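Single-structure report; data block below.
We use all heavy atoms of the structure for the numbers below, so side chains are in, but hydrogens, waters and symmetry mates are not. Not measured: the values here are computed from a predicted model.
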Amino acid sequence: MQRALFFGLLVACGGAPEPAHVEIAQPLPTVSVTASAAPLPAPPTFVSQDVGDPRPPPRRAASLLETEARTIESLVAATPASSSDLPPLLLRVAETYAELRKVAGDARASAKAIDHYTTLTAQFPSFAKIDDAYLGLGLEYVARGDLPNARRAFYELIKNVPQSHYVPYAYFAFGDMFEREARSDPSKWDFAQQAFVEVRKYPASPIAAEAVCRLSIVAAARGDQGRASSLRDELRRDYPSSHAAEQCQGP
């Protein structure tokens, strides 16, 4: 079922057709996407630290982050492509730029983070922390409003590193993006629900409680107030001390 959903989400995002051996219970409609090489939306719309980002919030000033980024860039440039030191350096500089984007809302920092994450995922797929790179890449694309490329990054995380503890966050990101689109295209509510249901398969994940809340929102939006209320009851029962349980309210 999970594998079918992987390919179903890719088809829904305008990717390649699913392999013949993969069965999908209900065909998913195509969502138009731009090619990866297409220019990013301009100007980019940045978002603040989101519940779907498991990384710690920024704690350093922009000036310190800029200095660190320049220093690591120098190390990257001086490190041979064959060196085992290069992948960790690429991840570190990408994370530094991502942090700078959060602190300063800097479009250039975001672009550089994407460049380094992309190099890392493309050239070092066996890197021990490649799931960090996929996650960071997807979140940067979300921050820029480039949802098609964000979906591709999260899909690659689910497909290539299925054991990662970031997998429920990738599913949550799918649900969040489809939920946004469903506000103007109600056909996306089904996809949002699918994705949030997948998150619930990881009940120990910190994002699981928020997924239950989002499922209640989806149910309410589809007119099923009884289901929405039941989900909020489950949230308070199963995750009583969570932020989601405090914030998730009914009509």
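Cation-pi geometry between Arg151 and Phe178 is met: under 6.0 angstrom from the ring centre, within 45 degrees of the axis.
Atom OH of Tyr134 is separated from atom OG1 of Thr121 by 5.5 Å, given to the nearest 0.5 angstrom. The OG atom of Ser230 sits 8.0 Å away from atom CZ of Arg237, with the distance rounded to the nearest 0.5 Å. The distance from the NZ atom of Lys129 to the CG atom of Leu120 is 11.5 Å, given to the nearest 0.5 Å. Atom CD in Glu210 sits 10.5 Å away from atom CG in Leu215 (nearest 0.5 Å). Between the CG atom of Leu100 and the NZ atom of Lys112 there is a distance of 9.0 Å, given to the nearest 0.5 Å. Here the CG-CG distance, from Asp132 to Leu157, works out to 9.5 Å after rounding to the nearest 0.5 Å.
The minimum heavy-atom distance linking Ala78 with Pro80 is given by the pair O-CD, 3.7 Å. For the residue pair Lys102 and Pro56, the shortest heavy atom distance occurs at NZ-O, 4.5 Å. The two residues Val199 and Ala208 make their nearest non-hydrogen contact at CG1-CA, 4.1 Å. In this structure, Ser84 and Pro88 approach most closely via the heavy-atom pair O-CD, 3.3 Å. When every heavy atom of Ala98 is checked against every heavy atom of Arg55, the shortest pair comes out as CB-NH1, 4.2 Å. The minimum heavy-atom distance linking Ala69 with Val93 is given by the pair O-CG2, 3.9 Å.
Among residues two or more places apart in sequence or in another chain, the salt bridge (charged side-chain N to carboxylate O under 4.0 Å, His left out) test is passed with Asp233 by Arg236. For Arg70, there are no salt bridge (charged side-chain N to carboxylate O under 4.0 Å, His left out) partners two or more places apart in sequence or in a different chain. Contacts of Asp185 classified as salt bridge (charged side-chain N to carboxylate O under 4.0 Å, His left out), with partners at least two apart in sequence or in another chain: Lys188.
Two residues are said to be in side-chain contact when any heavy atoms from C-beta on lie closer than 4.5 Å; Phe191 and Glu179 fail this criterion. Two residues are said to be in side-chain contact when any heavy atoms from C-beta on lie closer than 4.5 Å; Ile72 and His116 fail this criterion. Between Arg214 and Phe172 the shortest side-chain heavy-atom distance falls below 4.5 Å. Under the 4.5 Å side-chain criterion, counting only non-hydrogen atoms from C-beta, Leu75 is not in contact with Arg92. Two residues are said to be in side-chain contact when any heavy atoms from C-beta on lie closer than 4.5 Å; Leu91 and Tyr117 meet this criterion. Side-chain contact between Gln123 and Leu90 is absent, with no heavy-atom pair separated by less than 4.5 Å. A heavy-atom distance below 4.5 Å is not found between the side chains of Asn160 and Pro125. Contact of the Phe154 side chain with the Tyr169 side chain is not registered, since no non-hydrogen atoms from C-beta on lie closer than 4.5 Å.
For the residue pair Glu234 / Tyr239, no side-chain donor-acceptor distance below 3.5 Å is found, with atom types taken as modelled.
Tracing side-chain contacts under 4.5 Å through hydrophobic residues (I, L, V, M, F, W, Y), one never reaches Ile207 starting from Ile217; they form parts of separate clusters. Tracing side-chain contacts under 4.5 Å through hydrophobic residues (I, L, V, M, F, W, Y), one reaches Val197 starting from Val167; they form part of the same cluster.
Look at Glu68 and Arg60 and you find a salt bridge, because one of the NZ, NE, NH1 or NH2 atoms lies within 4.0 Å of a carboxylate O, short of that distance. The existence of a salt bridge linking Arg144 and Glu140 is excluded, since no basic side-chain nitrogen approaches an acidic carboxylate oxygen closer than 4.0 Å. Using a cut-off of 4.0 Å between Lys/Arg side-chain N and Asp/Glu carboxylate O, Asp224 and Arg222 are scored as not salt-bridged. A salt bridge between Lys159 and Glu156 is present, with a side-chain N of the basic residue lying under 4.0 Å from a carboxylate O of the acidic one.
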Between Tyr97 and Asp106, does the side chain to side chain donor-acceptor pair (under 3.5 Å) criterion hold? Intermediate values first, please. CA-CA 9 Å; Tyr97 279 124; Asp106 189 338; over 6 Å; no
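No close placement of the Phe196 and Tyr171 rings is indicated, their centers lying 6.0 Å or farther apart.
Ser205 places no side-chain N or O within donor-acceptor distance of the main-chain N or O of Tyr202, the cut-off being under 3.5 Å. Judged by distance alone, with hydrogens and angles left aside, the side-chain atoms of Ser229 form no donor-acceptor pair with the main-chain N or O of Gly226 at under 3.5 Å. When atom types are taken as modelled, the side chain of Thr71 and the backbone of Thr67 share a donor-acceptor pair closer than 3.5 angstrom.
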